[in-house]
There are 2 protein chains.
Amino acid sequence: MTDIDQLVAAAGAKAKAAAPALARADGATIDRALAAIGRRVLAAAPVVLAANAEDVKAAEEAGIGRGLIDRLRLDEGRVAQIAEQLATLAAVPYPEARIFVRALPGGLRLEEHHRPVGVIGANFEARPNVTVDVASQLLKSRNGGVLRTGAAALRSSVALFDAAIAPGLADAGLDPAALQLVRSAERGAAVALVRQPGLIPLVILRGSGESTRMLSREAAQHGVRTLAHADGGGVLYVDAAADQAVALRLIAASLDRLGVCNRLNLLLVHDAVYDAWLPSLIATLKGLGIAASLPPHGHARGHEWALDDGREATVTIDRAGSARHAAEIANEETSRLAAAICTADDAAAREFMETYTGTGVFWNAPTRLLDGFKLLEIPETGINIDHVPGPRGPVTFRDLYVRQYVVRALEP
Amino acid sequence: MTDIDQLVAAAGAKAKAAAPALARADGATIDRALAAIGRRVLAAAPVVLAANAEDVKAAEEAGIGRGLIDRLRLDEGRVAQIAEQLATLAAVPYPEARIFVRALPGGLRLEEHHRPVGVIGANFEARPNVTVDVASQLLKSRNGGVLRTGAAALRSSVALFDAAIAPGLADAGLDPAALQLVRSAERGAAVALVRQPGLIPLVILRGSGESTRMLSREAAQHGVRTLAHADGGGVLYVDAAADQAVALRLIAASLDRLGVCNRLNLLLVHDAVYDAWLPSLIATLKGLGIAASLPPHGHARGHEWALDDGREATVTIDRAGSARHAAEIANEETSRLAAAICTADDAAAREFMETYTGTGVFWNAPTRLLDGFKLLEIPETGINIDHVPGPRGPVTFRDLYVRQYVVRALEP
């Protein structure tokens, strides 16, 4: 094992040792810890902001781009937001974890219990607020955690851990060791995080693109499961029976942000209206500052513009012969993250929704809604585009459990 | 690609092409197909038994052991059982696949839909009845399938496919191509089955032991998910507060079969009663024809006797200091398939059940109950001992879905 593997394994071992006690904690204790972390984030604002100022200074000196520095930077308002989100999460009710299934012969009863996984890893980009976001969701799910963030935010994350997360856990009588931060700026720490199946069987990979794809492959090689979406890109199909005004509104609503996975990426238009509507579609995009990539394309139809540095402000346009054809294109040539149909025709909508197999499907609604908080009012732990049973689409703390069957006497 | 890879890929492609129509079929149509397959199994008994006789003859000539030949052999009674199981499965109700979640702002509603995976692979040993068993469960779950069985049962499986499964699907108006049998006696077919992530993203591996372990690893390397339990072995902890008669009854009930994964494998006894009770425990085992492996052991504490050819009739015995200690041994040194506690002490039982993290936990009940049909009255597709979210423990057709969020207008 390399040094960084050892560092991650040591963090995993500490979290694993503390995880069983966390798994037994009741909901009120967990919510007290979340509230305590929130209070401590506010109280520790000066310490956190000082650490963050160092991170920002180092990033500026390293010539890191303005967008990244903006995401890295904390201020009083953002610190207050972190505390607010903790309060929101603390207020979310817990799902039923012990479900009576049936009476069994012999005076026995069968229950289905949902238990924490144990320790869950999380890798995320250099945004300090995500440190608290992920830590709090693992805590709410009663799982231990090993968190790893990009080097640029490490001072801020350490400050949040040491001044708020760890003491907040202790305030509620919980062992702070359950949540660990990998205190290393090495890039190899992300790879080390997905190589510990015995300690960290599941890793949440935030963010898209090649590094997530690589980490997913590396995890699979080591028998570690990931929740990830290396690829995204929303699809919008404008049907022949669409209300054109609704279509233009959906396009605008799907492009309010360009760097996100669920934005409009591929716009499919029914053959019957393609020629007539193309000018107004292009004009709408132009009004939003977006270029249209028209056929014949010099790229794959599912090419994800959000990941194409410098060309994010692009949408691919193409024809589709029917609602089913459009859904098939979305199934076969995109990530299967999310697709929408714009139509006033019930049958076309049904056909599209039955055919599309991605994680979220939308009728006269924008793919930007594919988000745990927008859909479920629960902070999103991550997004998973796996095509097999398990948590899929927006993942929340409620998904981070394993099933256990329990058989005991019918009458206690 | 090798020839066998191409053969499996071709079967996967046919199943994938037919899968979307199967996914749309309503429950009544599926159940009609199951009933039709049952009728055809009975009608085709002469053809099936003739093919099976050839399989048995070839196996005898190859000097295959009596146990395997017994499992391979069909007769009128077993054929009737196959038809009965189809009727049982057809009668199982379908779980709700479209769940209203909540109203969203803007006059929209959110639903959670459960959709079939698409195509699921299945690899199983040379038992002809399992061919129909697995095919029928994939059908009930509305998934296409690619089935691969050991060479010894291939003629029987082909006969069941051609005389019952395929025509039974057609009887109900379904495309027979949705379910495929790999028609090759090559051992490499199993490996080829777990190498097609684009066609067969999920593979059920029936059976335990090294070959399942190898196939799980191979699948992971190729990004294919498996439902498998390479290792098993039930644990029984006899507490100081156990009723000795109950303990002896549980031991006997846990050892009615020796080649199965959920039989008693490791018997842990509380320190306080170990010396006093050991003689009667050993005597009970002896009466069942089972040897006790006593400490100090010349093998790992979790060594699985069911997989130890020729030494299946063995149970490992050891001490434990407490209910929690026993559960920790079961967590750390066994497969985490199933564990039971025998005690009259509520607190000890609770401690054991809270600490043990395996797929099934039993209080004064035998681990042999860890079985989809015994627990849920639904035929078991397989057992999965994964430690991450998703189907876990006994897997049934109800688990073989992926989640999709659907957003549409609140009022249709």
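Keep in mind that the numbers below use all heavy atoms, side chains included, and drop hydrogens, waters and symmetry copies. In what follows, chains carry the letters A, B, and so on, assigned in the order in which the sequence lines appear, proteins first and then strands, with residues in each chain numbered from 1.
- For the pair B:N364/A:L108, no side-chain contact is recorded, criterion being any heavy-atom separation below 4.5 Å from C-beta on.
- Of the atoms belonging to B:P105, not a single heavy atom falls under 4.5 Å from chain A.
- When all heavy atoms of A:L376 and B:L110 are compared, the closest pair comes out as CD2-CD2, 3.8 Å.
- Between the side chain of A:Q404 and the backbone N or O of B:G358, at least one donor-acceptor pair lies under 3.5 Å.
- Interface remark: A:V101 contributes side-chain atoms only to the contact with chain B (heavy atom separation under 4.5 Å).
- The two atoms that bring B:A365 and A:V407 nearest to each other are CB-CG1, 3.9 Å, heavy atoms only.
- With a 6.0 Å radius and a threshold of 12 heavy atoms from other residues, nucleotides or ligands, A:R98 has its CZ atom at or below the threshold.
- Looking at B:E218, there are no atoms closer than 4.5 Å to chain A (heavy atoms on both sides), in backbone or side chain.
- No part of A:E112 comes within reach of chain B, as not one of its non-hydrogen atoms sits under 4.5 angstrom from that chain.
- Heavy atoms closer than 4.5 Å to chain A are found in both the backbone and the side chain of B:F362.
- Ranked by heavy-atom pairs under 4.5 Å with chain A, the list B:G393, B:P391, B:A340 is led by B:P391.
- Side-chain contact check for B:V388 versus A:P201: some heavy-atom pair is nearer than 4.5 Å.
- Using a cut-off of 4.0 Å between Lys/Arg side-chain N and Asp/Glu carboxylate O, A:E351 and B:R24 are scored as salt-bridged.
- Taking chain B as the reference chain and counting heavy-atom pairs below 4.5 Å, the highest number among A:A220, A:G118, A:S216 is found for A:A220.
- Between B:D386 and A:R403 no salt bridge is recorded (no basic side-chain N to carboxylate O distance below 4.0 Å).
- Neither the backbone nor the side chain of B:L227 comes within less than 4.5 Å of any heavy atom of chain A.
- The shortest heavy-atom contact between B:Y405 and A:R392 is CE1-O, 4.3 Å.
- The contact between A:L375 and chain B is made by backbone and side chain atoms together, counting heavy-atom distances below 4.5 Å.
- Neither the backbone nor the side chain of B:P20 comes within contact range of chain A; no heavy atom of the residue lies under 4.5 Å from a heavy atom of that chain.
- Considering all non-hydrogen atoms of both residues, B:V406 and A:M353 come closest at CG1-SD, 3.9 Å.
- Heavy-atom distances place both the backbone and the side chain of B:E377 under 4.5 Å from chain A.
- Ranked by heavy-atom pairs shorter than 4.5 Å toward chain B, the options A:H113, A:H114, A:R225 are led by A:R225.
- Heavy atoms of B:T355 lying under 4.5 Å from chain A belong to its backbone as well as its side chain.
- B:T357 is listed as a side-chain neighbour of A:R115, based on a closest heavy-atom distance under 4.5 Å.
- Both the backbone and the side chain of A:P394 come within contact range of chain B, each with at least one heavy atom under 4.5 Å from a heavy atom of that chain.
- Only the side chain of A:R324 comes within less than 4.5 Å of a heavy atom in chain B; its backbone stays farther off.
- In this structure, A:H387 and B:V117 have side chains that are not in contact, with every pair of non-hydrogen atoms separated by 4.5 Å or more.
- For B:R109, no part lies near chain A; criterion is any non-hydrogen pair under 4.5 Å.
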